[in-house]
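In what follows, a structure is listed as structure tokens, so that the remarks can point back to it.
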Amino acid sequence: DVCDEFELAESSKELDQMAKAAGVPAIVSCGIWPGVSALMAAEGVDQLKKKGEASGEKVDIESIDYSFFTAGTGNAGPTIVSAT
């Protein structure tokens, strides 16, 4: 979920127990930037560290740089990026 609509976020939270029982992860109203981008970074760090450990290597992550493309925004991409 990447939604900032309050009513939708609240109704999504009502499904918490059903999602847990089904083993379905749900991330509600976290946003894209920051939000999903932070989750992606954490997952990437975790995967790199596990891969390093499996090969006996210690992996230190000093920084993560993002580059992304905005499509379908009617040429508003740079404005969207600068506003986020």
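- The side chain to side chain contact (heavy atoms under 4.5 Å, CB included) search around K20 returns D16, Q17, not counting sequence neighbours.
- Scored by the side-chain hydrogen bond (donor to acceptor under 3.5 Å, both in side chains) test, E7 finds no partners at all (sequence neighbours excluded).
- Take I64 and apply the side chain to side chain contact (heavy atoms under 4.5 Å, CB included) test, not counting sequence neighbours, and it matches A41, V45, I61, Y66.
- Residues passing the salt bridge (charged side-chain N to carboxylate O under 4.0 Å, His left out) test with K51: none are found, sequence neighbours excluded.
- Under the side-chain hydrogen bond (donor to acceptor under 3.5 Å, both in side chains) criterion, E53 pairs with no residue, sequence neighbours left out.
- Among residues two or more places apart in sequence or in another chain, the side-chain hydrogen bond (donor to acceptor under 3.5 Å, both in side chains) test is passed with K50 by D46.
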